[in-house]
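Reviewing the structure listed below.
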2 protein chains.
Amino acid sequence: MRVNEKAATIYDIAKLAGVNPSTVSRALTTPGRINATTEAKVREAAKQLNYRVNPFARALPTGKTKTIAFMVADITNPVFFKLVRGAELAAAEVGYTLVIAESQESSLVESATLERILPSVDGVILGTTRLSDEEISALNQQKPVVLVNRKVDGVSDVVPDNSPGIAEAVKHLADLGHKHIAFVAGPAASWINTDRWNHLMKNAVELGMTIAEISSNEPTLEGGKGAFERVRAAGVTAVVTYNDLMAIGLLREATAAGVTVPTDLSIIGFDNIFGSDFTNPPLSTIEMPLQKIGAEAVETLLKSFVAEDDEPMHGTSEVTSLLMRGSTGKAKA
Amino acid sequence: MRVNEKAATIYDIAKLAGVNPSTVSRALTTPGRINATTEAKVREAAKQLNYRVNPFARALPTGKTKTIAFMVADITNPVFFKLVRGAELAAAEVGYTLVIAESQESSLVESATLERILPSVDGVILGTTRLSDEEISALNQQKPVVLVNRKVDGVSDVVPDNSPGIAEAVKHLADLGHKHIAFVAGPAASWINTDRWNHLMKNAVELGMTIAEISSNEPTLEGGKGAFERVRAAGVTAVVTYNDLMAIGLLREATAAGVTVPTDLSIIGFDNIFGSDFTNPPLSTIEMPLQKIGAEAVETLLKSFVAEDDEPMHGTSEVTSLLMRGSTGKAKA
DNA sequence: ATTTGTTTGGCAACCGCTTGCCAAAAGTTG
DNA sequence: CAACTTTTGGCAAGCGGTTGCCAAACAAAT
């Protein structure tokens, strides 16, 4: 039979150390509350019994679970890896456990999973898209929420500051002689999509370029592929896509159609996902500090656990930057 | 102030329904134990109060946490995505929560994290490499363990059956006229590495080919890159690498050195990771049913929760297969 | 009608830890 | 040395469920 001896409890320690269980609890959780000598005695007994606090027993009276949920739309989306890693590391560092849940891009699954998980966590990091602003606000009433890919009034967030990366990218294209560029848009409802487009437009106009929006596409390889015809029709020499996946789809479709990148067409993606340098040529992209964002999301949550008020917090702008690789080049004359 | 009204408890329900709390507990957890009418009344009251069982309160007396830990060496390793997704989906389906933890390829972190997480989970899925067989056996004494990337005596596992994919691959190379091939090995201590090499060698010899082992490399892009010189020195026309990452590194290094793939050298990887089709040419690879393995690992764990004995279980062999893409071609004359 | 068996639901102890309250012990102060 | 303050550690009541045990209520069998 497995697990012969049950785990030691504070009662075992108390008996061994010859004190009351409450003293053990205090010695272990409230340094200073108990006489140093007694505390040492308790700690010694605890070590001897290989004591591990039972997180459930502790969570019951305190209501604190030391667990954070990270909900993502799709675990296999490479954008989330680094985000999750950053969060996991930051959480582990302070003794918190990270639960990750996937909504599979379904609002039903998203709500159901949240329902199930909510009682057992102290807070939630949301990297999903299906919930409405109202639902998120409502959720935020129950447990602290931090958003990593959108903004909602009254809710904390840690989102990348797209502007520096975009400014760099547009400048880079202008320097290469591009006059007419396009943006292959992602989901219309996406906050990030709108943010990227706005910055892009502003910067392009400022540098005297024209910029066309190739409207709403699936943010996937297919979506990028499907936008190629329209990019070509737009008659531009350079294009920025909503994300790397689309950029790669576009790049491959272009190559297949005999359009050489970057000679005939320059392409810039967003995110610097895993594999974006596997392509030929390797993709130039605007990099997001995703791991940092994940870590900061956890820190923000931690802060809100101890905050007096419910004031939403906003991540110190995480700066993006252009990663120049091989998919951008001089504009075709 | 957040969270004004506390969550409803079975006591609230009991009061509303006019029964004893124990009746509520039974009505909700042991269908049939209580009179159908009473049960309906309780359920109605529960719904009315929007009752959610407190997982911690439940875990205390039962010792069951309905949580499974999945420990991986490196979250950002694409091999783990699908594994984790499969596990997450399978867990969610039966109301279990998946906690994911990363050991960062460090045995210290691995032990520490395990220590921290163990008390709050019912079982562990291990996709790491740093623990010794003994440590894993010891762990298995405490909580059920399922391995997904190695085998340890007396411990359950769900590992891919490399043989069919490898047989296909070697046959494929033989059909293309290759006589001398090589295997770019991964970590020497890895069970999977050994398993792959053994099958490869057996199949190659059976088909009358020679096969060289390019010994132990880091299982990374760099590792693949670093093996190129030795592959070239081996004078082979085709090479199979320990994993896709290495295959891609090798492919890129070969291309950079003026060796054309697949004309001059055929390359086959393992795993079909995200992005392995981004390369030029797209990588031929032996695909693992990773998501299925992840799901089955959870199912195996679930079974062991209810098993009488501690007999280790072994996943119904998950079959691999060759995914032919562009990196394999006719052997150079 | 009496005995026996089965449902049904209440009682209360317990899971392991936290914490408010209190009294004894020890330390300060004039 | 009395009066007061601070430190220290014990007591016991929860936190929100689960479950063994038991008795009342009901059904079936004789």
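Everything numeric in this text was worked out from a predicted model, so none of it was measured. Naming: A, B, ... by sequence-line order, numbering from 1 per chain.
- A residue-by-residue look at Thr30(A) and Ala36(B) shows that Ala36(B) has its nearest nucleotide of DNA chain C further toward the 5' end.
- In this structure, NZ of Lys64(A) is placed 13 Å from P of dG16(D), rounded to the nearest angstrom.
- Candidate nucleotides dT18(D), dG9(C), dT8(D) were compared by shortest atom distance to the side chain of Ile10(B), and dT18(D) ranks first.
- Per the geometry, NZ belonging to Lys66(A) stands 11 Å off P belonging to dT18(C), to the nearest Å.
- Each of dG17(D), dT8(D), dC17(C) was ranked by its minimum atom distance to the side chain of Arg33(A); first place goes to dT8(D).
- Regarding Asp12(A), its CG atom lies at a distance of 9 Å from the P atom of dG16(C), rounded to whole Å.
- Counting atom types as modelled, Arg26(A) pairs a side-chain N or O with a base atom of dG10(D) as donor and acceptor under 3.5 Å.
- Within 4.0 Å of Tyr11(A), counting heavy atoms only, lies at least one base atom of the nucleic acid.
- If you check every strand for non-hydrogen atoms under 4.0 Å, Thr62(A) touches sugar and phosphate atoms only.
- Defined by atom type and a distance below 3.5 Å, a donor-acceptor pair is present between the side-chain atoms of Glu135(B) and Ser132(B).
- With contacts defined as side-chain heavy-atom distances shorter than 4.5 Å, the pair Ile75(A)/Glu88(B) qualifies.
- Put simply, Asn35(B) has no side-chain N or O that comes within less than 4.0 Å of OP1 or OP2 on dT7(C).
- Look at Ser25(A) and you'll find a side-chain N or O under 4.0 angstrom from OP1 or OP2 of dT18(C).
- Neither side chain, Ser103(A) nor Arg130(A), offers a donor N or O lying under 3.5 Å from an acceptor on the other.
- For the OP1/OP2 pair of dC17(C) and a distance below 4.0 Å, the side-chain nitrogens and oxygens of Asn54(A) include no atom meeting the criterion.
- Atom CZ of Phe56(A) is separated from atom C1' of dC15(D) by 15 Å (rounded to the nearest Å).
- In this structure, the nucleotide among dG10(C), dG9(D), dC11(D) sitting nearest to the side chain of Ser22(B) is dG10(C).
- In this entry the distance linking CD1 of Ile34(A) with P of dC17(C) reads 16 Å, nearest Å.
- Comparing Val19(A) and Arg58(B), the nucleotide of DNA chain D nearest to each residue sits closer to the 5' end for Val19(A).
- Between the CG atom of Leu60(B) and the C1' atom of dT18(D) there is a distance of 10 Å, given to the nearest Å.
- Taking atom CG of residue Leu28(B) and atom P of nucleotide dG16(D), one finds them 16 Å apart after rounding to whole Å.
- Ionic pairing of Lys292(B) and Glu296(B) is not present here: no N-O contact between side-chain nitrogen and carboxylate oxygen is shorter than 4.0 angstrom.
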Verdict with reasoning, Arg26(A) to Val42(A), per side chain to side chain contact (heavy atoms under 4.5 Å, CB included): CA-CA 10 Å; Arg26(A) 291 197 179 98; Val42(A) 169; over 6 Å; no
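- The nearest whole Å value for the distance from the CG atom in Asn20(B) to the P atom in dA24(D) is 16 Å.
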